[in-house]
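Just so you know, these numbers come straight off a predicted model, no measurement behind them. Hydrogens, waters and symmetry mates play no part in the numbers below; they use all other heavy atoms, side chains included.
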Amino acid sequence: MMRARGGVTLLEMSVVLVIIAIAATLVVPALVDLGQVTPHHTAASLLGLLRASRGVAIDSDVTVTLLVDPTTGDFRADSVGVGGMGAVATGALALAGDEALVTDLPRLRYVFAPTGATLADTVRVRGADSSLVVFVDPWSGMATAYAH
């Protein structure tokens with residue numbers, strides 16, 4: 001008479017590993033977005049403006065200075081380079097009715113070098129139910145919004 005041995009077979013182990021792999025492929029995308037908050041409308045507008053200013057600085061090999069009035073959302077971007085200086089863009093950020101740019105500064109200043117690096121102010125975008133902090137990495141010049 002044969003006795004059954006304790007333990008698991010290679011087939012059983014393979015099935016468990018396949019189940020773990022399937023579960024991991026379903027869970028990992030959710031974990032990647034964990035902790036990230038969808039930017040407010042105002043923060044999304046500011047992030048777009050910052051990314052566009054950085055892009056102009058890199059693509060045109062100029063220094064771009066962006067000034068933003070936190071009260072009204074009015075902005076002006078100017079460039080300085082070998083070819084001279086001039087206005088890049090002027091306009092107003094689309095400020096949502098229940099959102100505000102919160103800072104102690106009379107105006108926000110962002111200076112993008114041709115390398116993409118920047119000198120930048122940090123600002124809080126306060127909404128009705130939450131607030132975000134818009135931050136620009138000084139080395140890469142990449143703008144991001146974090147939940148505060």
Side-chain angles (χ1 to χ4, degrees), residues 8 10-148:
V8 295
L10 184 59
L11 179 62
E12 291 169 332
M13 183 64 85
S14 298
V15 169
V16 169
L17 289 175
V18 167
I19 291 171
I20 290 173
I22 291 171
T25 59
L26 296 174
V27 170
V28 167
L31 291 177
V32 169
D33 294 334
L34 185 66
Q36 294 183 351
V37 177
T38 304
H40 296 228
H41 180 70
T42 302
S45 296
L46 181 57
L47 288 171
L49 181 60
L50 292 170
R51 290 175 183 145
S53 298
R54 179 180 179 269
V56 169
I58 293 170
D59 294 342
S60 302
D61 196 31
V62 295
T63 298
V64 174
T65 301
L66 174 66
L67 300 174
V68 179
D69 183 336
T71 307
T72 63
D74 292 338
F75 68 86
R76 177 181 173 92
D78 296 309
S79 67
V80 176
V82 175
M85 57 191 239
V88 175
T90 58
L93 286 173
L95 298 175
D98 62 341
E99 295 177 353
L101 297 173
V102 179
T103 181
D104 293 334
L105 302 171
R107 82 176 64 99
L108 300 169
R109 179 184 211 95
Y110 304 91
V111 181
F112 293 93
T115 61
T118 186
L119 297 172
D121 293 325
T122 300
V123 65
R124 181 186 309 179
V125 179
R126 185 177 306 160
D129 56 350
S130 64
S131 71
L132 298 174
V133 174
V134 175
F135 169 78
V136 182
D137 178 62
W139 294 103
S140 68
M142 297 300 293
T144 54
Y146 297 102
H148 184 268

Just one of Leu66, Asp61, Val64 clears the side chain to side chain contact (heavy atoms under 4.5 Å, CB included) bar with Val56, so which one? Val64
Listed partners of Arg76 passing side-chain hydrogen bond (donor to acceptor under 3.5 Å, both in side chains), at least two apart: Asp78
Could I get the full list of side-chain hydrogen bond (donor to acceptor under 3.5 Å, both in side chains) partners for Asp98, not counting sequence neighbours? none
Applying side chain to side chain contact (heavy atoms under 4.5 Å, CB included), run through Val68 and Val123 and close with a yes or a no. CA-CA 11 Å; Val68 179; Val123 65; over 6 Å; no
Given side chains that start at C-beta, do those of [X] and [Y] come closer than 4.5 Å, heavy atoms only?
X: Leu50; Y: Arg54; answer: no
X: Thr144; Y: Asp137; answer: no
X: Ile58; Y: Phe112; answer: no
X: Thr122; Y: Val133; answer: yes

Please report the closest heavy-atom contact between [X] and [Y], naming both atoms and the distance.
X: Val88; Y: Ser79; result: CG2-CB, 3.6 Å
X: Pro70; Y: Pro106; result: CD-O, 3.3 Å
X: Leu108; Y: Leu105; result: CD2-CD1, 4.3 Å
X: Tyr110; Y: Leu46; result: OH-CD2, 4.3 Å
X: Ala120; Y: Val136; result: CB-CB, 3.7 Å
X: Arg51; Y: Ala143; result: NH2-O, 3.0 Å

Please list all pairs passing the salt bridge (Lys or Arg N to Asp or Glu O under 4.0 Å) test where one or both residues lie in residues 103-115, with sequence neighbours left out. none
Ser60 side-chain N/O to Val62 backbone N/O, donor-acceptor pair under 3.5 Å: no
Interatomic distance, Thr72 atom OG1 to Phe75 atom CZ [nearest 0.5 angstrom]: 11.0 Å
Separation between CZ of Arg124 and OG1 of Thr103, rounded to the nearest 0.5 Å: 10.0 Å
Between Val125 and Val134, does the side chain to side chain contact (heavy atoms under 4.5 Å, CB included) criterion hold? Intermediate values first, please. CA-CA 7 Å; Val125 179; Val134 175; 3.9 Å; yes
